[in-house]
Amino acid sequence: MAHADAWHICVQAEPFEVGQELNALQQATPQAGAIVNFIGLVRDQFSPSEASNAGADNPDTGKGSLEAMQIEHYPGMTEKALNAIAQQAAARWPLLGLRLIHRIGRLEAQAPIVLVATSSLHRQAAFEACAFIMDYLKTDAPFWKKEIGPQGEHWVEARATDEQAKQQWKHAQ
Amino acid sequence: MAHADAWHICVQAEPFEVGQELNALQQATPQAGAIVNFIGLVRDQFSPSEASNAGADNPDTGKGSLEAMQIEHYPGMTEKALNAIAQQAAARWPLLGLRLIHRIGRLEAQAPIVLVATSSLHRQAAFEACAFIMDYLKTDAPFWKKEIGPQGEHWVEARATDEQAKQQWKHAQ
Amino acid sequence: MNVTILYFARIKEVVNYSSEQVSLPDGVETIIALKSWLSGRGEVWKKLFDGSSVVRAAINHELVDELATLDEGDEVAFFPPVTGG
Amino acid sequence: MNVTILYFARIKEVVNYSSEQVSLPDGVETIIALKSWLSGRGEVWKKLFDGSSVVRAAINHELVDELATLDEGDEVAFFPPVTGG
């Protein structure tokens, strides 16, 4: 926590450059021995629909190639939710720094959506904090994805496995 | 596994550019939804010595600022060990691609030593495989580090926690 | 009691509102009472809050449960389970 | 039986060899027998293999335990626990 810019949380439409973000984190935390980074990307296929919803909007949901993803969020609440998640992680692991960037708006297939990078003295803290932040982001941060393909669009369904992933952190330790 | 260059394992003296490596992995695995990356860095402090060894070579071990790290390895065995670790990870998780780069020779404080990047459809596989590879690398790949400071140098001691981290994968699943 | 209500994602499209300001009658003082009151607007609203799909609620940017109470000037939001990351 | 022995890291510095070719007498056919035979070279060697510090062994690039057997032409390596990453 030596440098003010060791903690960076941002919601933005603009692309980010992964190498640049990791270099910035590394330079802001010169004591770091371990940096772990997660990048979430727009897949080039539609995500599988829940059975209850399959074909409701669009007979083609669940298969076919995806053109883009539209990401909506709740301005004001999003920033608070991301900060709260980061604070929980910092209370649980000895983090030196963090970069958390989530994009919004229209993103083309294969574009990066989210970057979470954690910096710590040792690898275990960096790995666990990074996975923790992603698991909480998936269930607590107000973002919604809509997939757009040649034959229509549909909202991505929340996955039960994401809620389970978060719950595991409550039982751990 | 669509692209031959989705799997890249390398031991090298040269620095690597993290952004470039991650872009290469992303481009080689266009179906990826998740990329997880670990970077191990030369810390700017001496690592703590084991009690049994403290001050044996050098009264200053265990504290003071570190100038550089010298990394020795066992050519021939190293490459085999890294490939074997990567194969174990690929057998256990549905990986789309992997980059594993370990540097050797003299590295200055804060220089990156090792990069492990895993690419998968979903984040859990990418996170677990990346952590698994690092845990096995720490105990199975024949690298040895010597820390060099203003008042001398000393070999880094193996940490019991690294062996424990590896053992946990044998009990899991 | 006056509150602002925001709608997001699929719910915004279903109700065709992104936000509105409403004056609540006496007795509508919790999330569940608000859902019930909004259900009286017609078929679309009734179906939205009939429990067939999950609708999350936030008050002033904090996720809350059904029994959370409303205060004058609150910003309430309704949205589906989140899908970011 | 002729084998090549390699030494790494702290062990290389202690014995002052990085590699050597040796002709083993009959009966020296395992890692533990080789350690014992090398210990006969003097104080430095004896201390190295007396169990006070861990010495790992590999045969032809594979980590092995003390009871692993040697064959003609094998490349044997002795080194401390690894510390990469």
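These numbers come from the heavy atoms of this one structure, side chains and all, not from hydrogens, waters or symmetry mates. Residue numbers start from 1 in every chain, and the chains themselves are labelled A, B, ... in the order their sequence lines are given, proteins ahead of strands.
Neither the backbone nor the side chain of A:E21 comes within contact range of chain B; no heavy atom of the residue lies under 4.5 Å from a heavy atom of that chain. Residue A:A126: no heavy atom, backbone or side chain, is found under 4.5 Å from chain B. Contact annotation for A:I113: neither backbone nor side-chain heavy atoms come within less than 4.5 Å of a heavy atom of chain B. Contacts of A:N23 with chain B are made by side-chain atoms alone, with heavy-atom separations under 4.5 Å and no backbone atom involved. Contacts of B:A109 with chain A are absent, with no heavy-atom separation under 4.5 Å from either backbone or side chain. Heavy-atom distances place the side chain of A:L22, and not its backbone, under 4.5 Å from chain B.
At least one donor-acceptor pair closer than 3.5 Å links the side chain of A:Q26 to the backbone N or O of B:Q110.
Shortest non-hydrogen contact noted between B:R123 and A:D162 is NH1-OD1, 3.0 Å. Closest heavy-atom contact between B:F38 and A:A34: CE1-CB, 3.6 Å.
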Carefully, step by step, assess B:I35 and A:L41 under the rule side chain to side chain contact (heavy atoms under 4.5 Å, CB included).
CA-CA 8 Å; B:I35 289 177; A:L41 303 151; 3.9 Å; yes
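Between B:M134 and A:Q124 there is no side-chain heavy-atom pair separated by less than 4.5 Å.
Most heavy-atom pairs under 4.5 Å with chain B, from the set A:T161, A:D135, A:V18, A:V42: that is A:D135. Chosen from A:A131, A:G19, A:A165, A:S119, the residue pairing most often with chain B at heavy-atom distances under 4.5 Å is A:A131. Most heavy-atom pairs under 4.5 Å with chain A: of the set B:V116, B:L121, B:T118, B:V114, this distinction falls to B:L121.
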